[in-house]
Amino acid sequence: MRLYLNERPRTFIITSNSYALIIRHPFPKYKDKGFKKRISAHNKNKTNSNSNKVVVEFIEKEYLDLTACRDITPRRSKLSGFLGLLNVKGGIYLGFITNEELVASPTINEKIYRITGAEFYCLNNDEFDYLIGDNDDNGQDRERSGSEYPAGSVRKLLSSGAFFYSHEFDVTSNIQERGVSSGFNNPEFKLIADSHYFKRFQWNGFMMSELMEFRNRLSQFEQRQIDSNGFFIIIARGYAKSVNTTIGEEEALMTLISKQACAKEGPLFGDWGCDGNGYVSNYVETEIIIYTERFCLSYIVISGNVPIYWETESTFTKKSIITAKNGKRIIFPRSFEASQHAFTRHFDDLASQFGDVHILNTLSEDPKSHKGILSSAYIDQIQYFNKSRSEDLYDNDEFNYKLLYTHVPITTSRMKKIGYSGQNPYDIISLLSNSIINFGALFYDQSEGTFIGKQLGVFRVNSFDSLSKANFLSKVICQEVIELAFRDMGISLDRDVYSKHAQLWSESEEYISKLTVNFISNSDKLQASSARSTTSSMKSHITKKYLSSVVDTKPKETAILKLLGRLQDQINLSLHNPIHDYVSRELNRYTQEYTSYLDISIFSSTFNVNGSIYDGDIEGWLFPKKYPMGQSYDLVLIGLQEIVELNPGQMMNVDFRNKSLWERKILKCLSDKNPENCRYIVMWSGQLGGLALLLYVKEDKLKHISNVECSFKKTGLGGVAANKGGVSVSFKFADNTFCFVSSHLAAGLSNVEERHQNYKTLAKGIQFSKNRRIKDHDAVIWLGDFNYRIGLPNEQVRPLIHQKAFYKLFEFDQLNKQMANGATFPFFDEMEIQFPPTYKFDNGTKEYDTGEKQRIPAWTDRILYQSRKNIIKPLVYYCDEELIFSDHRPVFAMFSATVKLINQSVKEMLSNELYENYKKKYGGINNILTSNVTYLFEDDEESGNLPAPSSDKSKWWLEGGKAAKVIIPELHVLPTDGDYLVFNPKCPQNPFEETNEPEFVSKSQLLRMLRDK
């Protein structure tokens, strides 16, 4: 990456090998008063209002002429990435990473760098241009100008070693969110930071916010170029490190990443509670990752202060103050109800990302201590929350999750005695073991290309300062997860794994603690009198041996506030990209020129195999002779239920042998049917307990598939067991998004409400990157053993089946009634059922249940669908009555889908033509670089600016902003005979419709017209 400066007019150009990002300000200031800027009198009056406007363009480098520009890339360092635009004290500064150090490698394709050098360049003023040049040559000048250079303190802060980034992935994310790149064969940079949850870890969010909007308006190809070339870098603050170890005789990378959040309003660290959005002080997300050639394991733990409104040792008087026995005071500045609102937002946010939440509280229970008082208030909030949810006072449709609570009695002395490298304390683990098993962990088998498990819940740990105790307890949880996961796989861990794991957590605590204390010690203005007590209490938990990698021991509070955009005079920038705006606007008018449509065929089927592996022929199931149109499907979706018997003691079900056997058997049948015409690929397969989902794609359609993601959700035993739940896969086919879901809902004739709750849990709990849910796709096929029954006795059901009076049975079908009421599966459709109930048969026969229970036959196995603009068209819905080894029958459905194809070459050719048109009218990019661009901010239609807003006195649609009230002279003329004019009712309502009728008639004429009528 290189940086160029065009001095008059002032423009910065950031270039990679093939692309360039051009940034300029329309009204820069120059020290040289002799330079006369060509600005019209009209625009001179508008200079102040346009001070925060910036012109940005992203183009191919070959279009640029850089002969008149000065290369200002530092000679003794490098530009590793662009950090964004910092607006402070009237100046707009471009931030860059100039030095870095490799600290971690979570996977073989991903690297994390710690920032050790940063630089800023002023966009709208040349006053500080004497600082431009080699960093070492201008070191003394930089120190001398530190107090007057507004971006100097931020440059020093970013160079302190506390921030890290990656070129390969968004460091605000975790592996479960972004996916295992090697497994998905998609190593490209994937932006996550515009997702609601992960924004809290983006420390340059203020600098990047408008640039991200600019990026999102570009084409997908241009977005990939921006990301891969480091034009926009996302940074996080905290600790990241990888170490080498050995697991099961395989070399492994063990990585720990701890990210501090910066979203909270007010103090980010110290003895404080939450803000109105539920963001808390000292919030940290920590992820442990173990990566080998065979598998990838990831687990996440959250820590942070108690998420209610509270403070300590404040001088405010008109508040609810409780004084503890040691003299420290806990202050609750807002009402219980206000705290409950913030508390709910905090945990709703966590649950939307991770699922169920288990709170671990390490605060003292002594009612006379300040920690005990805070703990008691916290418990009250938890109890009220759970009671309200159970009484349905909250909208369970929006957030359906469990909030568990455990008090963990651990003292500082005991924690030190146990140490980081010792055995896990059994009394603590016994309190957490159920949730550890139920939550599972992300475990990806790279040899099979499938997820063995995903993390379906998260521990939320708090202590008073959320550092030492919270960090130790997080380490204990992660160590137990690692032990259980590898024990289930039959792999014993060496002592080196435990010692390296303990080393990472110990270093992380020291690192995060030092960053936190250094900030608090310089925050007297922000945190008032509580800062001194907080600093001393936190320092007591930190060893004297600090990590030497944190260079800056006292980062200024104002530097962090500047970086986060929280100073009073900091405002967001307004970016204008004239060429892209014009081309994008015109491309939308010519959509048909580069868009075509492709019809694809989809075969979907659900089958409860009752724990069996079938050795016979399955061609009649996948290629039913009754419907020969499906000889070559483009997509094949198979949902299987009860493929294994579950062991409830397992943390994750790693026995996917049955899934693999079914996967290969189905693949062989698909490929053998038409070996010369098509070949199928297992695009994705996943398993949760006894539930599996298999997706096959015809090889010639593989080029259209991208962005494959998966999601799992348990619903069994109230959401803690994998015997029931859902498995889903999301992907893009060409320009349309698809979601396929396979689920197994609660059994039992009378459990209609439980099945309804299962549906809501899956609809809200199954989510993909950027919090996308099932409903956020263009097309959805949801199939499975839904277990809905027929509400009639056996004596009525079986004769109607014999008569094939399925329509009469369907009237009493529980799912039919639920869908008709708009309760379960709203907006989904189902084709007409013209086949007999598929449950329950005696195994190996065509006879319905003859056992002791005499279960009522039912349509438990269903296939539903929905799509935007009706891109899915239903064709066939039936069952295979000949495949009789299970107590269910496979149900299948065939669809056609119309997907949109974008011809990128035609679109690019059209874009070039539009660019040439723009060039003829305004000049090319080099004209914009070398001339005044004030015309871009003129109030004319073609510049894209909007007129002044309307008011009660004037309207923008009236020429020149004329008065809003209009007088029609004809209606105010009073003839001498007393008659007057009125609107003619015969005139058409459409004012543009041609007519011979006069616009106005006299009152007497109107009366005659009414009489004639």
Side-chain angles (χ1 to χ4, degrees), residues 179 183-186 190 220 449-451 595-606 630 632-640 666 670 678 680-686 691-713 726-743 762-784 825-831 862-877 892-902:
F184 286 123
N185 195 27
N186 182 21
K190 185 177 182 182
Q220 290 188 359
T450 185
F451 283 96
T595 303
S596 61
Y597 296 90
L598 173 68
D599 289 331
I600 60 173
S601 60
I602 302 173
F603 178 88
S604 60
S605 182
T606 177
S632 179
Y633 313 114
D634 294 308
L635 299 177
V636 175
L637 164 68
I638 306 293
L640 301 176
I666 294 171
L670 291 173
C678 64
Y680 285 92
I681 302 295
V682 182
M683 187 66 209
W684 183 85
S685 67
L691 186 64
L693 182 63
L694 313 175
L695 174 61
Y696 302 85
V697 179
K698 191 158 50 164
E699 192 174 35
D700 64 344
K701 299 299 188 296
L702 201 61
K703 59 186 177 183
H704 300 299
I705 303 287
S706 63
N707 296 0
V708 180
E709 298 181 57
C710 65
S711 183
F712 303 79
K713 186 67 178 177
V727 181
S728 62
V729 59
S730 167
F731 62 95
K732 286 191 72 175
F733 193 109
D735 204 49
N736 294 101
T737 56
F738 285 77
C739 181
F740 294 158
V741 187
S742 174
S743 62
L762 295 175
K764 298 300 178 182
I766 287 179
Q767 60 183 40
F768 306 96
S769 62
K770 303 183 181 180
N771 283 331
R772 291 179 301 115
R773 299 305 206 302
I774 296 170
K775 62 181 177 62
D776 299 320
H777 293 78
D778 296 327
V780 179
I781 297 177
W782 192 330
L783 49 75
F825 295 101
F827 310 111
F828 276 85
D829 292 312
E830 182 179 23
M831 286 181 267
R862 310 290 274 269
I863 301 176
L864 310 180
Y865 65 96
Q866 70 171 197
S867 64
R868 297 172 182 166
K869 299 181 180 179
N870 295 320
I871 67 172
I872 284 185
K873 300 175 182 62
L875 301 175
V876 172
Y877 192 31
F892 58 84
M894 300 179 190
F895 302 90
S896 68
T898 304
V899 295
K900 184 192 297 184
L901 300 178
I902 304 296

Least distance between heavy atoms, I774 atom then A763 atom: CD1-CA, 4.3 Å

Distance in Å, S601 OG paired with F895 CZ, rounded so as to fall on 0.5 Å steps: 12.0 Å

Side chain to side chain contact (heavy atoms under 4.5 Å, CB included) assessment of L694 paired with V682: CA-CA 7 Å; L694 313 175; V682 182; 5.9 Å; no

Distance in Å, S867 OG paired with K873 NZ, rounded so as to fall on 0.5 Å steps: 8.0 Å

Check: R862 main-chain N/O paired with T606 side-chain donor or acceptor under 3.5 Å: no

4.5 Å side-chain heavy-atom contact, L670 and F603: no

Gap between atom CD1 of I863 and atom CD1 of I781 - 0.5 Å precision: 8.0 Å

Student check: side-chain heavy atoms of V780 and Y865 closer than 4.5 Å: no

Side chains of K698 and S632, donor plus acceptor under 3.5 Å: yes

Parallel, tilted or perpendicular: ring planes of F825 versus W782, cut at 30 and 60 degrees: perpendicular

Where H777 and R772 come nearest, the two heavy atoms and their spacing: NE2-NH1, 3.4 Å

CA sep, side-chain torsions, deciding dist, call: L783, L864, side chain to side chain contact (heavy atoms under 4.5 Å, CB included): CA-CA 6 Å; L783 49 75; L864 310 180; over 6 Å; no

Non-hydrogen atoms of S742 and L691 that approach each other most closely: O-CD2, 3.4 Å

Pairwise side-chain contact, L693 with W684, heavy-atom cut-off 4.5 Å (strictly under): yes

N/O donor-acceptor pair under 3.5 Å between N736 side chain and K900 backbone: yes

Considering all heavy atoms, the nearest A893-M831 contact: CB-CE, 3.8 Å

Heavy-atom donor-acceptor pair, T737 side chain to D778 backbone, under 3.5 Å: yes

Close side-chain approach of D829 to I872, heavy-atom, < 4.5 Å: no

Side chain proximity check, I600 to V899, heavy atoms < 4.5 angstrom: yes

Nearest heavy-atom neighbours spanning V741 and S728: CG2-CB, 3.9 Å

Passing option when Y696 is tested against D634, I681, L637, V636 for side chain to side chain contact (heavy atoms under 4.5 Å, CB included): V636

Any I602 side-chain heavy atom under 4.5 Å of F733 side chain: no

Backbone N/O of F768 and side chain of S711: donor-acceptor pair under 3.5 Å: no

Side chains of K869 and T898, donor plus acceptor under 3.5 Å: no

Test item: Y680 side-chain N/O and I666 main-chain N/O as donor-acceptor pair under 3.5 Å: no

Distance-minimising heavy-atom pair for S743 and L762: CB-CD1, 3.6 Å

